[in-house]
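This structure is a prediction, so every number in the text was calculated from the model and none was measured. No hydrogens, no waters, no symmetry mates; every other heavy atom, side chains included, goes into these values.
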Amino acid sequence: MPELPEVETYRRFLDALVVGQRLAAVEVLDAHVLVTKEAELRAALVGATVLATQRLGKNCFLELSTGQVLVLHFGMTGDVGAYRDDHDRPRFTRVAFHLADGLRVAFIDPRKFGRIRVADSVAAYQREKHLGPDALDLSPEELTAALGRRKTLVKPALLDQRLAAGLGNWIVDEVLFQAGIHPERIAASLNAAEVSRLHAAIQLVLRTAIEHEASYQRFPLSFIIHAREWDAYPVPQSDDYKRCPADQSTIVKKYVGGRATYFCPVCQKET
DNA sequence: CTGAGTGTTCTTCG
DNA sequence: ACGAAGAACACTCA
C-alpha cells in the first residue's frame with residue numbers, strides 16, 4: 001500500500017485528527033516497529049502537542065511542540081486508523097498514540113516492516129536517510145541530471161529514494177507505461193523527449209493517485225495498474241485487465257531489479 | 001503447503 | 001571504493 005499517494009492520504013487523515021491535540025500516552029503493542037526506544041519515544045511524545053503534519057516521499061511527520069518530529073514510515077503494509085475503545089482497536093495495531101481528548105491513533109502494520117522514530121527535524125531525517133526531493137517536487141532538470149549519471153536500468157533508478165523520494169514499485173511501472181518507456185532501458189540512455197515524458201508521467205500518476213486517495217480501483221482505465229489484479233477491475237467479468245489499455249497487447253510480467261514488473265511490450269519498446 | 005507481496009537495508013560480488 | 005544484485009526481514013493471504 002504505502003507509496004507516496006497512500007502516505008499523503010494518511011497524512012491528511014492524521015492532520016485532521018491530531019493537529020492541535022496533546023499526546024497523552026503512547027501504547028506500544030509491538031516494539032519491533034520502534035527505532036527510537038520505547039522510553040525515549042514516550043519521553044519525547046507524552047505531553048507534547050502536534051503542531052502540523054508533513055510528508056516527504058513515503059514518510060509522514062508529526063511536528064511536535066518540542067521542536068522534534070515523529071517520523072512514521074509504513075513499510076510494505078502499514079496503515080493508520082483511529083478508535084476510542086480497546087475493543088475497537090484495529091487488528092495489527094503495533095503502536096497506539098493516545099490523544100488528550102480520548103481518541104487513539106493506531107499505527108497498523110501486519111508485516112512489521114514499518115518504522116517509528118523521533119528525529120530532530122524533517123531536514124535532519126532527510127539527510128540521514130539520503131532522501132532526494134519529494135517526487136512531486138522533482139524538477140525536469142533534476143530528473144535529467146540524475147538519470148544522466150546512472151548506467152542502471154531505469155526502473156531501479158527511479159525506485160532509488162535518493163533520486164526522488166516516494167516512487168514505489170507500482171508507481172514506477174505506471175509512470176514508465178504512461179511515458180512509453182521500457183523498464184529495462186539504461187537510465188542514461190533516455191533522450192530529452194523521453195525524460196520530459198517521464199517527468200510529465202510522474203506528475204500525472206502521483207496527482208491522479210492522490211486525487212483518488214490511492215484507491216486503485218477508481219484509477220482511470222488507461223492505467224496499467226489494473227493488470228496487477230489487486231482490486232476488482234471496474235468492468236466485472238472481463239479479462240481486459242490483462243491487456244494494454246492503449247493497444248490491447250498482452251501485458252508482460254517479469255522481474256526487473258528483483259521486483260515484479262508489468263509493462264506493454266508494444267508501447268514500451270526495449271531499444 | 002507454497003509462493004508472492006506496495007519497502008528498506010545489509011551483505012556479497014564484481 | 002563503488003555500484004549493483006540478492007537476500008533478509010515478518011507475516012498474511014490466495
> If you look at every strand shown and take non-hydrogen atoms under 4.0 Å, does Arg115(A) touch a base, only sugar-phosphate, or nothing?
Replying inline: nothing
>> Without decimals, in angstroms, what is the distance between His73(A) NE2 and dG7(B) P?
In response: 8 Å
>> In this structure, how many angstroms lie between the C1' atom of dA5(C) and the CZ atom of Arg259(A), rounded?
In response: 13 Å
>> What is the separation between atom OH on Tyr255(A) and atom C1' on dA7(C), rounded to the nearest whole Å?
In response: 15 Å
> Between Arg162(A) and Arg94(A), who's closer to the 5' end of DNA chain C by nearest nucleotide?
Replying inline: Arg162(A)
> Expressed in angstrom and rounded to an integer, what is the separation of Ile225(A) atom CD1 from dG5(B) atom P?
Replying inline: 14 Å
>> Let's see if you can work this out: which of dA5(C), dA4(B), dG7(B) has an atom nearest to the side-chain heavy atoms of Phe113(A)?
In response: dG7(B)
>> For nucleotides 9-14 of chain B, give me one character per nucleotide, 5' to 3': B if any protein heavy atom sits under 4.0 Å from the base, S if the only such contacts are to the sugar-phosphate, - if neither.
In response: S-----
>> For Watson-Crick and G-U wobble pairs within 3.5 Å on both distances, what is DNA chain C written in dot-bracket notation, | included for inter-strand pairing?
In response: .||||||||.||||
>> Considering every strand and a 4.0 Å limit on heavy-atom distances, what is the contact class for Arg149(A): base, sugar-phosphate, or nothing?
In response: nothing
>> Once you apply a heavy-atom cut-off of 4.0 Å, does Phe92(A) come out as touching a base, just sugar-phosphate, or nothing?
In response: sugar-phosphate
>> What contact category does Gly168(A) fall into here, base, sugar-phosphate, or nothing, at under 4.0 angstrom with non-hydrogen atoms?
In response: sugar-phosphate
> Closest nucleotide of DNA chain B for Gln161(A) versus for Arg111(A): which of these residues is on the 5' side?
Replying inline: Arg111(A)
